[in-house]
Amino acid sequence: MRHNRRLRWAAIPIAATLSLVLAGCTQAQLHGFLPGFQEGEPPVTNHTERVAGLWVTSWIVLLVVGIITWGLTIWAVIAYRRRRGQTGLPVQLRYNMPIEVFYTIVPLILVLGFFAFTARDQQAIEERFAADDIDVKVEVIAKQWAWDFNYVNEDVYSPGIQGQLDEEGPAGSVVQSELPTLVLPVNANVEFELESRDVIHSFWVVDFLYKKDMYPGKTNYMSLTTEREGTYAGKCAELCGEYHSLMLFNVKVVSQAEYDAYIESLRDKGQVGQLSNEYDRNQNLPGTGAPELKEEHEAE
């Protein structure tokens with residue numbers, strides 16, 4: 001009778017797990033409800049599927065571990081509860097060597113497994129394209145609190161201003177037409193050169209499922225292949241000052257013809273050449289050797 005009762009309690013989490021596994025999953029569910037996926041459409045970039053796979057697999061493993069742990073905990077609470085008429089303490093054990101070995105080995109395997117798969121995927125994501133394989137090279141310059149985009153191969157640029165609040169829209173909304181827009185062709189190998197003009201920022205396109213920090217005086221790189229046309233929201237993911245929340249931009253992935261037309265429109269506006277860090281206000285900080293500071297020191 002007691003064994004039948006224990007089997008009933010053990011069957012509950014098992015049945016719940018099987019119900020989840022056997023239930024039909026949508027594309028959103030299969031990818032952990034992450035952005036960057038649409039039913040019947042390819043992922044946004046060549047890395048999106050990899051990032052989502054690592055995320056979903058990790059949660060599945062953790063869910064299984066959680067179900068087993070909670071199942072064993074609940075089973076122990078029920079199976080070894082005090083019965084009516086029992087008195088005193090149950091038999092006390094100082095240790096159980098097999099269980100202690102199990103509790104040591106299993107977490108070690110999980111940690112090593114998570115590390116190995118993360119390192120594998122990170123290496124693939126961080127790998128840069130060979131110079132001959134790059135179709136579009138964009139230098140992204142972050143500044144408080146906006147973005148400048150240099151299209152290196154085409155020798156044109158697009159300056160940006162920080163997000164402007166929309167007085168006619170909902171509270172906190174911005175005017176989308178005034179946000180800096182980074183235009184990219186679809187099915188192109190893109191390399192980003194990430195620079196910061198003042199403080200630490202972070203380049204994050206939400207649907208890319210990846211971001212990278214930007215440091216003054218250091219260039220970071222991000223390489224990917226665009227696979228689906230559309231407009232995707234971007235933002236700074238590093239708290240960078242008073243108007244951090246308005247440091248927004250859009251990425252617009254278009255056909256090659258539309259991309260070529262956009263580049264020509266920048267030339268028509270006279271935006272030829274490359275923006276640089278010459279407006280970096282950090283050059284005027286004490287200790288940088290700025291000319292005006294030297295002159296003041298000599299005058300003293």
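Numbers here simply count residues along the sequence, with the first being 1. On a predicted model such as this, the values are computed, not experimentally measured, just so you know.
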For [X] versus [Y], what's the shortest heavy-atom pair and its separation?
X: Tyr259; Y: Val183; value: CE1-O, 3.4 Å
X: Ser158; Y: Tyr151; value: CB-CE1, 4.3 Å
X: Ser255; Y: Val186; value: CA-CG1, 4.3 Å
X: Lys252; Y: Thr231; value: CG-OG1, 3.7 Å
X: Asn153; Y: Lys137; value: ND2-N, 3.7 Å
X: Val253; Y: Tyr232; value: CG2-CE1, 3.8 Å

Assign the ring pair His201 / Trp147 to parallel, tilted or perpendicular, where the plane angle (0 to 90°) is split at 30° and 60°.
tilted
So how far is it from [X] [atom1] to [Y] [atom2], rounded to the nearest 0.5 Å?
X: Tyr243; Y: Leu165; atom1: OH; atom2: CG; value: 9.0 Å
X: Tyr221; Y: Glu139; atom1: OH; atom2: CD; value: 9.0 Å
X: Gln176; Y: Asn250; atom1: CD; atom2: CG; value: 5.0 Å

Are any side-chain N or O atoms of [X] and backbone N or O atoms of [Y], one a donor and one an acceptor, separated by less than 3.5 Å?
X: Arg82; Y: Leu89; answer: no
X: Asn220; Y: Asp213; answer: yes
X: Glu100; Y: Pro98; answer: no
X: Gln271; Y: Tyr157; answer: yes
X: Lys235; Y: Val206; answer: no

Criterion side chain to side chain donor-acceptor pair (under 3.5 Å) against Asn189, the qualifying member of Thr225, Thr226, Asp133
Thr225
Identified side chain to side chain contact (heavy atoms under 4.5 Å, CB included) counterpart of Asn150 within the set Val138, Ile141, Val156, Val140
Ile141
Does Lys212 have more than 12 heavy atoms from other residues, nucleotides or ligands lying within 6.0 Å of its NZ?
yes
Whether Asp207 and Arg228 form a salt bridge (side-chain N of Lys/Arg under 4.0 Å from carboxylate O of Asp/Glu) is what I want to check.
no
Kindly determine whether Phe249 and Phe203 satisfy ring-ring contact (aromatic ring centres under 6.0 Å, His included), including the steps that lead there.
CA-CA 10 Å; Phe249 66 100; Phe203 180 76; 5.3 Å; yes
